[in-house]
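Computed over heavy atoms, backbone and side chain alike; hydrogens, waters and symmetry mates excluded. This one's a predicted model, so the numbers in the text were calculated from it and none came from an experiment.
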Number of protein chains: 2
Amino acid sequence: MDAEPKNTGGKAEPWGDITPDAARRLVSAAVHAFAERGYHATTTRDIASRAGMSPAALYIHYKTKEELLYQISKVGHERALTIVERARDSEGTPAERLADAVRSFVRWHAEHHTTARVVQYELGALAEEHHAEVIAVRKATDGAVRSIIEDGVKAGVFDVADVRGTTVAVLSLCIDVARWFNTAGRSTPDEVGDLYAGLVLRMVGAHGEHQDGRP
Amino acid sequence: MDAEPKNTGGKAEPWGDITPDAARRLVSAAVHAFAERGYHATTTRDIASRAGMSPAALYIHYKTKEELLYQISKVGHERALTIVERARDSEGTPAERLADAVRSFVRWHAEHHTTARVVQYELGALAEEHHAEVIAVRKATDGAVRSIIEDGVKAGVFDVADVRGTTVAVLSLCIDVARWFNTAGRSTPDEVGDLYAGLVLRMVGAHGEHQDGRP
DNA sequence: ACGGAGAGTGAGCAAGCGCTTAGGCCCCGT
DNA sequence: ACGGGGCCTAAGCGCTTGCTCACTCTCCGT
């Protein structure tokens with residue numbers, strides 16, 4: 001279905017393409033540790049031992065603990081942005097594109113809830129320069145969602161009084177999935193994605209189509 | 001308007017009634033520090049110096065740093081629960097009560113966004129026993145919102161396929177306000193509360209009344 | 001055969017952490 | 001007048017933290 005074989009939203013861990021192997025294990029270990037305890041409560045010894053190596057080995061592949069977080073945060077934010085941009089640029093009515101954006105964005109946050117939790121809730125621990133970089137990606141994500149909503153308003157198929165505020169609300173809804181979603185829980189990523197796509201279409205007052213965004 | 005003079009949702013800091021004065025200053029300092037940097041990145045020296053005292057003085061009023069977080073988390077969660085319970089138990093249609101709950105819940109999270117950020121996002125740092133206690137309050141909050149939605153569904157004025165999932169979504173929306181709200185930002189707590197009440201009424205498919213929950 | 005790069009280790013340093021101790025000041029009931 | 005509790009500080013203890021250092025092992029091109 002896709003000309004590019006590179007995986008940007010599949011079920012596997014988003015770190016499959018990192019080399020050497022030890023570096024990949026370190027990132028994966030860091031993601032799990034950061035997600036469980038938070039960045040500041042995680043020690044470099046903890047990360048190293050999860051990756052099956054000595055504390056010193058971490059510094060062969062990454063200069064600092066913060067650089068590990070930066071890698072995770074940067075790649076994660078870019079993946080998330082790609083997802084909404086793909087929906088924004090796809091063909092279809094604004095409702096279809098908005099539903100698609102929400103559905104895949106939510107699904108990503110649910111499937112990769114460990115990574116997503118770090119990406120969405122640990123960015124405050126980044127160094128100032130890295131933080132600014134990541135904030136720029138977040139603004140782009142916000143802009144992508146907003147432009148879909150604006151398209152719907154202009155086309156007269158959405159009824160939104162406060163586009164900016166509603167965009168924030170839509171993103172809130174999606175992002176917060178990373179906080180509460182749990183693999184052992186009641187619903188699957190697909191189910192949550194479908195539910196949320198429907199809720200968002202209602203929020204923007206979409207009319208002239210079914211709730212799932214398909215006319 | 002209220003027989004009870006005690007403030008449970010006003011604009012002042014929610015810590016006005018703590019005595020002695022030094023203990024109140026410590027809690028307030030801890031709230032600001034935890035909100036800015038997170039629990040684990042905050043040092044007891046930082047809290048003490050913000051409160052204008054020596055590091056050792058903290059331990060006269062609180063046994064540990066974690067106990068400070070526990071006080072903040074417990075009181076904050078109880079305040080939040082009180083707000084939605086009041087809306088649940090008030091008179092009015094389900095739509096009015098749901099709009100009321102969301103409006104005041106969101107307003108609280110926006111007005112007290114510093115406190116709310118600690119309450120909503122730092123509870124993972126609590127000791128196991130305290131954590132369990134706080135989780136129980138959160139479940140009660142979820143139950144209160146869900147019961148309003150269930151009332152609306154039973155009365156035939158809400159159109160909700162997945163009550164549990166929709167409740168989670170509504171709470172997500174409200175809670176996430178604490179993450180992004182900023183006093184210097186574009187909108188006031190009142191504006192966000194009104195906007196979000198309207199969005200939630202749409203999410204539950206409320207009909208037979210205006211969007212603001214008033215028939 | 002072998003030198004050098006890459007990848008890893010055990011030991012440990014300086015700094016900072018949560019928290020304790022010993023002691024001092026001030027106010028108040030008797 | 002004065003003993004005692006409440007409140008506070010300076011100093012510092014024991015420990016953990018992020019990170020470094022000196023060194024070893026393995027692999028590969030020449």
(message) If I take atom OH in residue B:Tyr59 and atom P in nucleotide D:dC13, what distance separates them, rounded to the nearest angstrom?
(response) 17 Å
(request) Inspect the contact between B:Glu67 and B:Lys74 and indicate whether a charged nitrogen and a carboxylate oxygen are less than 4.0 angstrom apart. (result) no
(message) How many whole angstroms separate atom CG of A:Leu58 from atom P of D:dC19?
(response) 8 Å
(request) Could you tell me whether a side-chain N or O of A:Arg25 sits under 3.5 Å from a main-chain N or O of A:Ala51, the two making a donor and an acceptor? (result) yes
(request) Write down the distance between CZ (B:Arg24) and C1' (D:dC7), rounded to a whole number of angstrom. (result) 16 Å
(request) Find the distance B:Ile60:CD1 to C:dC19:P and express it as a whole number of Å. (result) 15 Å
(request) Using a strict cut-off of less than 4.0 Å between a Lys/Arg side-chain nitrogen and an Asp/Glu carboxylate oxygen, indicate whether B:Asp21 and B:Arg24 qualify as a salt bridge. (result) yes
(request) Kindly say whether, by distance alone, the side chain of B:Arg45 makes a donor-acceptor pair under 3.5 Å with the base of C:dG18? (result) yes
(message) Given D:dG18, C:dG10, C:dC19, identify the nucleotide with an atom nearest to the side chain of A:Thr43.
(response) D:dG18
(message) So, OP1 or OP2 of C:dC19: does either fall under 4.0 Å of a side-chain N or O from B:Thr44?
(response) no
(request) Let me know, please, whether A:Lys65 or B:Ala23 comes out on the 5' side of the other along DNA chain D by nearest nucleotide. (result) B:Ala23
(message) In whole Å, I'd like the distance from the CG atom of B:Asp46 to the C1' atom of C:dC17.
(response) 13 Å
(message) Closer than 4.0 angstrom, basic N to acidic O: yes or no for A:Asp190 and A:Arg103?
(response) no
(message) Tell me whether the side-chain N/O atoms of A:His61 come closer than 4.0 Å to OP1 or OP2 in C:dG8.
(response) yes
(request) Assign B:Ser54 to base, sugar-phosphate, or nothing according to its heavy-atom contacts below 4.0 angstrom with the strands shown. (result) base
(request) Send over the distance from B:Met53 CE to D:dC7 P, rounded to a whole Å. (result) 10 Å
(request) Take the protein atom CG of B:Leu26 and the nucleotide atom P of C:dG18, then report the distance between them rounded to whole Å. (result) 14 Å
(message) Whole angstroms only, please: what is the CD1-P distance between A:Ile47 and D:dC19?
(response) 10 Å
(request) In plain terms, say whether A:Arg37 and A:Asp46 are close enough for a salt bridge, that is, a side-chain N and a carboxylate O under 4.0 Å apart. (result) yes
